[in-house]
Enquirer: 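Take a look at this one; I'll ask things after.
Any value given below was found using the heavy atoms of this structure, including those in side chains, with hydrogens, waters and symmetry copies removed. The chains referred to below are lettered A, B, ... by the order of the sequence lines, with proteins before strands, and numbering in each begins at 1. Bear in mind that the values here come from a model prediction, so they are computed numbers and not experimental data.
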Number of protein chains: 2
Amino acid sequence: MSKATIYDVARAANVSIKTVSRVLNGEPKASPETRARVMEAARTLNYTPSLSARALSGSRSFLIALVSPGGVSDNAMLYVTELQLGAIQACRAGGYHLLTEYVDLGASDFGALTETLVSTLRVDGVILIPPLCDNPQLLSLLADRGVNCVRISPTLDTHGDEKWGWGVDIDNYQAAFQMTRHLMDQGHRDIGFIQGHPLHAAAAQREAGYRDALFDGGAIPERLIQPGMFTFDSALPAARALLGQKQRPTAIFAANDSMAMAVLSVAYRMGIPVPGALSVAGIDDLPAASVVCPPLTTVRQPVVEMGAAAARFIINRTAGQVGNYLKQVFDHSLVVRESTAPPA
Amino acid sequence: MSKATIYDVARAANVSIKTVSRVLNGEPKASPETRARVMEAARTLNYTPSLSARALSGSRSFLIALVSPGGVSDNAMLYVTELQLGAIQACRAGGYHLLTEYVDLGASDFGALTETLVSTLRVDGVILIPPLCDNPQLLSLLADRGVNCVRISPTLDTHGDEKWGWGVDIDNYQAAFQMTRHLMDQGHRDIGFIQGHPLHAAAAQREAGYRDALFDGGAIPERLIQPGMFTFDSALPAARALLGQKQRPTAIFAANDSMAMAVLSVAYRMGIPVPGALSVAGIDDLPAASVVCPPLTTVRQPVVEMGAAAARFIINRTAGQVGNYLKQVFDHSLVVRESTAPPA
DNA sequence: TTGTAAGCGTTATCAT
DNA sequence: ATGATAACGCTTACAA
């Protein structure tokens, strides 16, 4: 009924608690016979070790914190759910558990957050969601305390310094390049672009991919490029500017899905049929992307896998394995749905 | 640099560790003077107590687990993010932390999950997302171990038995009733309805609200009511059935937003203008609801608040306060956007 | 290969 | 009002 302890197992298996500990932690020294006896005892007693006790005594807490920026209401944040799913799966596989914490970017006390993470929780690592993963203050606070950080789609250039943590990302340049080429393959030449948040490196990389793909011999008229902030609302004026031109583009490529949906919305209001008179594309493959009308052509990031890789990195690192790569780049894939078609 | 312990604080304040513990836990017996000295010492030392140590020694772990069903890819699950946000906020306010766990509904070992929650993590409570919150096996496993459960939008009737946990919900009947009336106020009489998952009590309650509002004197032709499962895909055939009728309804009310979006999608493909020739409404106010074309009229649940209330309940419960209410019903609100309008 | 004993940093039980 | 001291359940030296 009440929880079994290591002593109960030791007694049942007729060994010392140390032996139980050894067996359960997979340490080498233990005779197969003893090992079997201990395993058996643990199973029948329904024993699972106490995390608190392990953490208090050992050097690991078996806890990973996923830290997201609070106060973000845009649905761009939705991929966090998938990231979390991947992280949880990896945690389970490694006997770890995932804590979720939010930080308000505005009036936030990164010092207190760090203290909580390090002293109270003693987490074995932290997964940072953008734009937290690019906050130099938070990053250095964590680095000073020796916390393993994994940054999701990191922007801030760490100049190869490992102390700033490890990162997972896709090749944003290639993703945008390929999407632009997809549009061009369909016959589009007048392709508008809505930029992402200027402080986010992914934004610049995506714009570069667009520019390089489109350039291909001729200069790009600046009227085709409009500013955005990665949010739905920020793309509304950009879409209006693009679609209000006398010679309006036959396609618009937004730097992410939230903004592409804004384009869809503006086109809808202006009575411009998509993809009949306008093709629209984004990047991210948000859950909503397949549900809007028409379903959005976009680039899919393996977000679940990225979350799992992030957690795995921390787990391996804590277990002593030293992965010395500073960033892992994942494969993306073009998802062609109905929002893109050859121009009329 | 390295973490301060209660001993460091005791030494700095020139008291015993017990006194430090007392002061920090707000226990009554402590002279104001001593209290001030301890607080001061704790502040300057940047001391935060170790969760592991507290959990190991005391009766609380300061941990709450949010358990979601895994393998759910429908965007209906998106409100979990908001629920989580609320729960985290409440946790922070109470010195708690939120763990997230997933369970695969298919091949899931609820016993192992329970053991992890109870023995390994020793969580102070569990928040259960539908349809987990209605799984009798899991529920009784947790109840047997004395785990505080909070069920989100619970379905399974617990006949007022407190051991099955507490619940948070909205008044689904009223929500559907009001939405139907909104449609009727606009002049609609031929209002189609897409049902929710048959095993989910909210589905039945919403249907009842719809029926009662619409009935109002005359019987409801069964052709107006089509089956659905709360998912986008499940509502596609239902929408087609409704819109394929010679005398098609002038409005469709889907039991949730995911399905309402499916209606939008089918109408789009059939060339039926919304809201010109068809009004569409849902329930939930998913993040995507405001982004689709046209923006969806729906019912908003205070999901963030519900998450916070769930966590708060567990925290208060663990702290000894006995809230003996079995369910808290939150206010919903009609969100009228552009997908509903008077019939032509 | 196995066992003993000493922490880990708290809370809780007694005294004082 | 305050302080020793014993748990709590484990890992980690250090022996045997």
Side-chain angles (χ1 to χ4, degrees), chain A residues 2-38 41-42 45-63 95 115-116 118-122 124 318-320, chain B residues 2-38 41-42 45-63 95 115-116 118-122 124 318-320:
Chain A
S2 72
K3 312 112 190 174
T5 76
I6 198 173
Y7 285 96
D8 300 323
V9 178
R11 202 175 306 120
N14 206 0
V15 294
S16 74
I17 59 166
K18 174 61 209 177
T19 301
V20 176
S21 175
R22 263 195 285 259
V23 170
L24 263 32
N25 288 323
E27 286 172 39
K29 305 178 178 182
S31 77
E33 182 204 355
T34 312
R35 177 177 305 274
R37 222 163 359 116
V38 170
L45 285 170
N46 232 318
Y47 169 76
T48 50
S50 151
L51 249 220
S52 306
R54 292 234 272 171
L56 189 55
S57 150
S59 56
R60 310 194 285 173
S61 66
F62 301 92
L63 249 29
E115 215 55 45
T116 301
V118 173
S119 294
T120 302
L121 263 13
R122 272 172 166 49
D124 288 342
T318 308
Chain B
S2 72
K3 314 115 191 174
T5 77
I6 198 172
Y7 284 97
D8 300 323
V9 178
R11 201 174 307 119
N14 206 0
V15 294
S16 75
I17 59 166
K18 176 60 204 173
T19 300
V20 175
S21 176
R22 263 195 282 261
V23 170
L24 263 32
N25 287 320
E27 285 172 40
K29 306 176 177 184
S31 76
E33 182 203 355
T34 312
R35 178 176 305 276
R37 223 164 357 117
V38 170
L45 285 171
N46 231 317
Y47 168 75
T48 51
S50 152
L51 250 221
S52 306
R54 293 184 84 181
L56 188 55
S57 159
S59 56
R60 311 194 283 173
S61 66
F62 301 92
L63 251 28
E115 216 53 47
T116 302
V118 174
S119 294
T120 302
L121 263 12
R122 272 171 167 49
D124 288 341
T318 308

Enquirer: Starting from P on C/dA12, measure out to NZ on B/Lys18 and report it in whole angstrom.
Expert: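 Rounding to the nearest Å, NZ of B/Lys18 and P of C/dA12 are 7 Å apart.
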Enquirer: Taking all non-hydrogen atoms of both residues into account, name the closest pair between B/Ala13 and B/Arg37 and its distance.
Expert: O-NH1, 2.5 Å
Enquirer: Taking CD from A/Glu27 and C1' from D/dA13, how many angstroms apart are they, rounded to a whole number?
Expert: 12 Å
Enquirer: Which sits closer to the 5' end of DNA chain C, B/Ile17 or A/Asn14, going by the nucleotide each is nearest to?
Expert: A/Asn14
Enquirer: Mapping B/Gly58 and B/Ser16 onto DNA chain D by nearest heavy atom, which one lands closer to the 5' end?
Expert: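 Its nearest nucleotide being more 5', the pick is B/Ser16.
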Enquirer: Ignoring the backbone of A/Ala53, work out which of D/dG9, C/dG9, C/dT11 is nearest its side chain.
Expert: D/dG9
Enquirer: State whether B/Ser21 places a side-chain N or O below 4.0 Å from either non-bridging phosphate oxygen (OP1 or OP2) of C/dT11.
Expert: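 So the side-chain polar atoms of B/Ser21 do come within 4.0 Å of the phosphate oxygens OP1 or OP2 of C/dT11, strictly under.
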Enquirer: Where the side chain of A/Thr5 is defined as all heavy atoms beyond and including C-beta, which of C/dT1, D/dC10, C/dT11 is the nearest nucleotide?
Expert: D/dC10
Enquirer: Rounded to the nearest Å, what distance is computed from the CZ atom of residue A/Arg60 to the P atom of nucleotide C/dC8?
Expert: 20 Å
Enquirer: Can you find a heavy atom in the side chain of B/Leu24 that is under 4.5 Å from one in the side chain of B/Tyr47?
Expert: yes
Enquirer: Can you find a heavy atom in the side chain of A/Arg122 that is under 4.5 Å from one in the side chain of A/Leu63?
Expert: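 They are not in side-chain contact.
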Enquirer: Base of C/dG7, side chain of A/Ser57 - is there a donor-acceptor contact under 3.5 Å?
Expert: yes
Enquirer: Round to the nearest Å and state the distance from A/Asp8 atom CG to D/dG9 atom C1'.
Expert: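 Nearest whole value for this atom pair: 11 Å.
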Enquirer: Are A/Ser52 and D/dC8 close enough that a side-chain N or O sits under 4.0 Å from OP1 or OP2?
Expert: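 No.
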Enquirer: Is A/Arg122 touching bases, backbone alone, or none of the nucleic acid, heavy atoms closer than 4.0 Å?
Expert: sugar-phosphate
Enquirer: Between B/Tyr7 and C/dG7, is there a contact of a side-chain N or O with OP1 or OP2 at under 4.0 Å?
Expert: no
Enquirer: Between A/Thr34 and C/dT2, is there a side-chain N or O to OP1/OP2 distance below 4.0 Å?
Expert: yes
Enquirer: From CZ of B/Arg22 over to C1' of C/dC14, roughly how many Å is that when rounded to an integer?
Expert: 11 Å
Enquirer: Could you state the CG-P distance from B/Leu56 to C/dC8, rounded to the nearest angstrom?
Expert: 14 Å
Enquirer: How many Å lie between CZ on A/Phe62 and P on D/dC10, as a whole number?
Expert: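 It is 12 Å, rounded to the nearest whole Å.
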Enquirer: What integer distance in Å separates A/Leu24:CG from D/dG9:P?
Expert: 16 Å
Enquirer: The side chain of B/Val15 is closest to which nucleotide in this list: D/dA1, D/dT12, D/dG3?
Expert: D/dG3
Enquirer: Mind checking the OG1-CZ spacing from B/Thr5 to B/Arg11? Nearest 0.5 Å is all I need.
Expert: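 Rounded to the nearest 0.5 Å, the OG1-CZ separation comes to 7.0 Å.
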Enquirer: Checking contacts here: which listed nucleotide (D/dC10, C/dT10, D/dG3) is nearest the side-chain heavy atoms of A/Arg54?
Expert: D/dC10
Enquirer: Evaluate the side chain to side chain contact (heavy atoms under 4.5 Å, CB included) criterion for residues B/Val38 and B/Arg35: first the C-alpha distance (whole Å), next the side-chain angles of each, then the deciding distance (0.1 Å), finally the verdict.
Expert: CA-CA 5 Å; B/Val38 170; B/Arg35 178 176 305 276; 5.9 Å; no
